[in-house]
Amino acid sequence: MKAIRYHEFGSTEVLRQEEVERPVPGAGQVLVKVVATSFNPVDDHIRLGVLAEMIPTPLPITPGLDVAGTVAEVGDGVSGLQVGDPIIAMFPLDEHGGAAEYAVVAADLVTAAPRSIPLTDAASLPLTGLAARQAAVELAGIKTGQTVLVNGAGGAVGSIVVQLAVEAGAKVTAVDGPQHADRLNGYGAEKVVDPLDLDAGPAPVGGPFDVVVNHVRLAPENLAKLTPYVADGGIVVSSAGPVPADDARSVRTAGVWVGPDASHLADLVSRIDNGVLKLHIADRRPLEELPTIHQDASNGKLLGKTVIVVA
């Protein structure tokens with residue numbers, strides 16, 4: 001089968017298209033005929049080797065933490081899944097495998113794909129959706145009537161956080177460039193504001209807020225400037241570096257560390273099929289362009305969430 005792999009950590013030049021043996025599912029696993037995967041920024045960091053100690057992963061690596069496709073085979077002990085079922089899943093951070101014609105994934109990580117969108121597009125959901133749900137639901141616990149600031153709201157994760165917060169009944173201020181304004185307003189954000197002047201403090205954007213969710217990678221000294229944006233007793237959740245707590249004001253802090261979870265993914269799928277969650281996909285590109293996609297990401301030229309079409 002066709003796959004893109006790398007045998008050593010390094011620049012995008014280590015990515016090579018290869019012919020490899022089609023994997024065989026073991027007990028508790030399914031073989032997926034891959035329709036699509038997607039690019040996530042962590043893919044770039046893993047390929048560079050900067051996460052090798054934190055997330056030990058044996059080489060060679062077939063990148064792609066998201067997978068959408070159909071069940072091709074089921075291993076021993078697997079129930080509830082049949083050949084031909086359309087599914088999606090997120091691989092554990094130390095496994096990967098989406099950038100190939102076939103991939104093996106643990107059956108308990110698999111979720112039925114959304115029915116209301118193309119299966120290819122569903123590949124954009126797993127990691128970003130789970131990261132957003134962890135931030136908004138598990139960590140922040142956003143509730144009706146709260147005020148929420150989402151920094152980096154136009155990105156793949158931030159866009160879903162905005163929608164989850166709006167659905168929860170919060171009043172959302174979305175922070176990102178003006179090119180995202182119409183879409184974020186369409187998601188239900190009450191205000192869309194330009195990137196923060198962190199030295200100006202929260203007042204110019206209507207803060208402080210009950211919840212601040214940050215998806216913008218900032219220097220540590222600038223991350224610290226987000227703490228005053230949180231109201232007394234509130235929480236700041238960040239996927240892009242730690243933001244300090246403020247014990248004197250009972251301001252809590254939490255970091256996003258996303259992992260696969262089939263039940264949480266199924267919840268996101270139901271929101272899509274119920275029409276309350278929309279996915280924003282900037283581009284769809286063929287598997288052969290994966291090295292270029294990694295290069296574009298490294299150069300800051302990737303337009304946004306990019307789906308990688310395998311079949």
Side-chain angles (χ1 to χ4, degrees), residues 37-43 65-68 88-93 109 111 113-114 116-117 121-144 146-176 180 183-189 192 209-217 226 235-243 253-282 304-307:
T37 183
S38 81
F39 178 82
N40 294 289
V42 71
D43 296 332
L65 288 161
D66 297 319
V67 64
I88 58 173
M90 176 188 164
F91 288 94
L93 292 174
L109 301 182
T111 297
S116 57
I117 62 173
D121 289 357
S124 69
L125 175 65
L127 186 147
T128 53
L130 289 168
R133 193 185 189 283
Q134 183 183 4
V137 180
E138 279 79 49
L139 295 175
I142 296 171
K143 299 178 178 64
T144 299
Q146 286 187 318
T147 56
V148 177
L149 179 81
V150 183
N151 193 30
V157 179
S159 293
I160 297 177
V161 170
V162 168
Q163 294 176 78
L164 293 175
V166 168
E167 188 187 3
K171 300 175 182 178
V172 178
T173 297
V175 181
D176 218 314
H180 301 291
R183 178 165 57 87
L184 293 169
N185 281 321
Y187 293 156
V192 180
F209 301 86
D210 297 315
V211 177
V212 171
V213 183
N214 176 59
H215 299 298
V216 178
R217 193 157 295 280
L226 285 171
I235 186 170
V236 56
V237 178
S238 178
S239 67
V243 178
T253 184
V256 174
W257 186 257
V258 65
D261 188 304
S263 64
H264 291 173
L265 192 53
D267 172 67
L268 293 163
V269 167
S270 70
R271 294 172 194 253
I272 290 173
D273 284 339
N274 289 334
V276 296
L277 179 61
K278 295 179 174 60
L279 302 177
H280 178 67
I281 298 169
K305 189 61 177 176
T306 298
V307 166

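Nothing fancy with the numbering, it's 1 onward along the sequence. Not measured: the values here are computed from a predicted model.
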Per the side chain to side chain contact (heavy atoms under 4.5 Å, CB included) rule, which among Ile235, Val148, Thr173 passes with Phe209?
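Output: one option passes, namely Thr173.
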Provide the closest heavy-atom pair for [X] versus [Y] in the form atom of the first, atom of the second, distance.
X	Y	value
Leu109	Pro92	CD1-CD, 3.8 Å
Ala153	Leu184	O-CD2, 3.4 Å
Thr144	Ala168	OG1-O, 2.9 Å
Ala68	Ile88	CB-CG2, 3.8 Å
Leu139	Gly255	CD1-O, 3.6 Å
Ala266	Thr111	CA-CG2, 3.5 Å

Atom pair [atom1]/[atom2] of [X] and [Y] - distance to nearest 0.5 Å:
X	Y	atom1	atom2	value
Ile142	Thr147	CD1	OG1	10.0 Å
Asp261	Gln134	CG	CD	9.5 Å
Glu167	Leu277	CD	CG	8.0 Å
Leu125	Leu279	CG	CG	5.5 Å
Thr306	Asn40	OG1	CG	10.0 Å

Would you say that [X] contacts [Y] through its side chain, given a criterion of any heavy-atom pair below 4.5 Å between the two side chains?
X	Y	answer
Tyr187	Val166	no
Leu127	Val42	yes
Leu265	Leu130	yes
Asp121	Pro114	no
Ile281	Ser38	no
Ser116	Ile272	yes
Val258	Met90	yes
Gln163	Arg271	no

Quick one, His264 with Val137, criterion side chain to side chain contact (heavy atoms under 4.5 Å, CB included). Give me CA distance, side-chain angles, the key distance, then yes/no.
CA-CA 10 Å; His264 291 173; Val137 180; over 6 Å; no
May I ask you to decide if Thr37's main-chain N or O and Asp66's side chain share a donor-acceptor pair within less than 3.5 Å?
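No; judged by distance alone, with no hydrogens or angles, the pair does not exist.
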Go through the steps to decide whether Val237 and Val243 satisfy the test side chain to side chain contact (heavy atoms under 4.5 Å, CB included), and finish with yes or no.
CA-CA 8 Å; Val237 178; Val243 178; over 6 Å; no
Option passing side-chain hydrogen bond (donor to acceptor under 3.5 Å, both in side chains) with Ser159 (candidates His215, Lys278, Arg183, His180):
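So the option named by the test is Arg183.
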